[in-house]
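Here is the structure we will look at, set down as structure tokens.
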Amino acid sequence: MGARQVVTCRGPARARRGREMGDLEVLTNAAVLVEGGRIARVGPYAELRRAMGGERGGGGEVELVEVSGVLFPGFVDCHTHAVFGGPRLDDHERRALGADYRSIAAAGGGILESVRDVRGRSEADLLALARTRLDALLRHGSTTIEVKSGYGLDVETELKQLRIVRALGQAQRATLVPTFLGAHEIPSEYRERRAEYVRRVCEEVIPAVAREGLAACCDVFCEPGVFTILEARAILTAARQHGLALKLHADELEGSGGAELAVELGALSADHLAAVSETGIKALGASSTVAVLLPATMLFLGRTRQAPARRLLDAGAALALATDFNPGSSPTVSLPLVMALGVAQLGLRYTEAVLAVTVNAAGALGLAGERGQIAPGFVADLVLCDVSDWREVAYWLGANLVTAVWTAGSACLGCSAPVSLGLHVQA
Ligand code: NIG
Ligand code: FE
């Protein structure tokens, strides 16, 4: 069967950039020691076994969980729109038959269809749907999940979406990071009054979200035909004044200088980037803003142009990968699938694909100090995959290879025993 491995991703507690993404620590016949929900030690099995024996001598309780497979840090899905109603099947088929983004929106589809759907559903109904979907993300290995609002587009429904994220964050095993995306589209009732909508987002909705502590980040869909650079700058500036971290849907389809704006504002991330300009690539390469690439979205939309991942890396940028899980452009819950697309569609190495869903995705959420590594002090979020070689996680296109998941050291899937101390990956 070959050797089993622990992929630690150990290194500096920040997103890795450019060539640094080529370095990945993989230990063979190793063990992980967990204490109080955090990683205490990671290293050779024999060495940890001796140390544990010593501790046992001192009276400590040691529980050993033997596992077979490859162990990874819990995956971090740093871009999802997981609170929504039904799927958008008609959009999918219209696109297959050649319709584009604008004609779909004109026919009543697109984001505004999901907005009507979400506005019309009860909080309980939406919460139940979101719970099932977050559970599916977790079963594919995502232990930290960013979730955006953006299918409400009015104060009441945006807050409803964010309260659902808060409730599920308290009830679910995965850690949820809520992002306010009130500027996902201009709602139809403001079509002729867009300046007024932007003003309300800045002066009413952002303050209300901040008052209730409902979001960690604010995002804007900055794209020709959606929100302009000027509007995005105004909204993100207001959000920053209210203590929110910034993210940006930047240069997805045509591009308008979104990457440059994200860097200018010191955003945590600029996401999509299939149409990023040369200046945008340079700006990202010289900044700590993480470039979050979403290859499943371009694939599902039937577009041939993917983000220029290698040019971003050559410029020195930090790359992350995410599902973009949403009903319009990316109905997938699988980060391993996205990793495989990262290799096959974006030209990433396996090391880069793994760092892009662990350390760097944590960086895109401002969590690189505590998530994304199997290293002492980090939260003990762990994922076990039923493979022999760690690279297979980004190879078996579409299969769910995750057999066990632990969050903060507790088993939430697969392995029923809690990992109170030791986790041994068998050779
Ligand atoms: O990230 N680009 C904007 N937002 C989503 C699409 C959301 C939708 O179509 O419902 C995205 O692709
Ligand atoms: Fe998105």
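For ligands, and for the atoms within them, numbers begin at 1 and follow the listed sequence. The figures that follow rest on heavy atoms only: side chains count, while hydrogens, waters and symmetry mates do not.
Among protein heavy atoms, atom 3 (C) of ligand 1 sits closest to Phe221 CE2, 3.2 Å. Closest protein heavy atom to atom 11 (C) of ligand 1: Asp324 OD2, 3.2 Å. With hydrogens left out, the protein atom closest to atom 4 (N) of ligand 1 is His184 NE2, 2.8 Å, a heavy atom. Looking only at heavy atoms of the protein, atom 10 (O) of ligand 1 is closest to Tyr151 OH, 2.6 Å. For atom 2 (N) of ligand 1, the nearest protein heavy atom (residue, atom name, distance) is Glu252 OE1, 2.7 Å. Here the protein heavy atom with the shortest distance to atom 9 (O) of ligand 1 is Arg88 NH2, 2.8 Å. Annotation: atom 12 (O) of ligand 1 to nearest protein heavy atom, Ser329 OG, 2.6 Å.
Between Arg311 and Glu278 there is a salt bridge, since a side-chain N of the basic residue sits under 4.0 Å from a carboxylate O of the acidic one. Under 4.0 Å is where a charged nitrogen must lie from a carboxylate oxygen, and between Glu158 and Arg163 no such pair does. A salt bridge links Glu25 with Arg10; the closest basic N to acidic carboxylate O contact falls under 4.0 Å.
Between His79 and ligand 1 there is a heavy-atom distance shorter than 4.0 Å.
Counting only distances under 2.8 Å, and ignoring water, the protein N, O or S atoms around the Fe ion (ligand 2) are His79 NE2, His81 NE2, His249 NE2, Asp324 OD1.
When each of Asp324, Thr323, Asn326, Asp219 is paired with His81, the side chain to side chain donor-acceptor pair (under 3.5 Å) condition holds for Asp324 and for no other. A side chain to side chain contact (heavy atoms under 4.5 Å, CB included) with Thr297 is found for one member of Arg303, Gln306, Glu252 and no other, namely Glu252.
Within the 4.5 Å cutoff, the side chain of Asp23 has no heavy atoms near those of the Thr351 side chain. Annotation: side chain of Val220 is in contact with side chain of Leu236 (closest heavy-atom distance under 4.5 Å).
Residue His272 has at least one N or O atom closer than 3.5 Å to an N or O atom of ligand 1.
The backbone N or O of Gly342 lies less than 3.5 Å from no partner atom in the side chain of Gln345, so there is not a single donor-acceptor pair.
Listed here is the closest heavy atom pair of Leu346 and Ala307: CD2-O, 3.6 Å.
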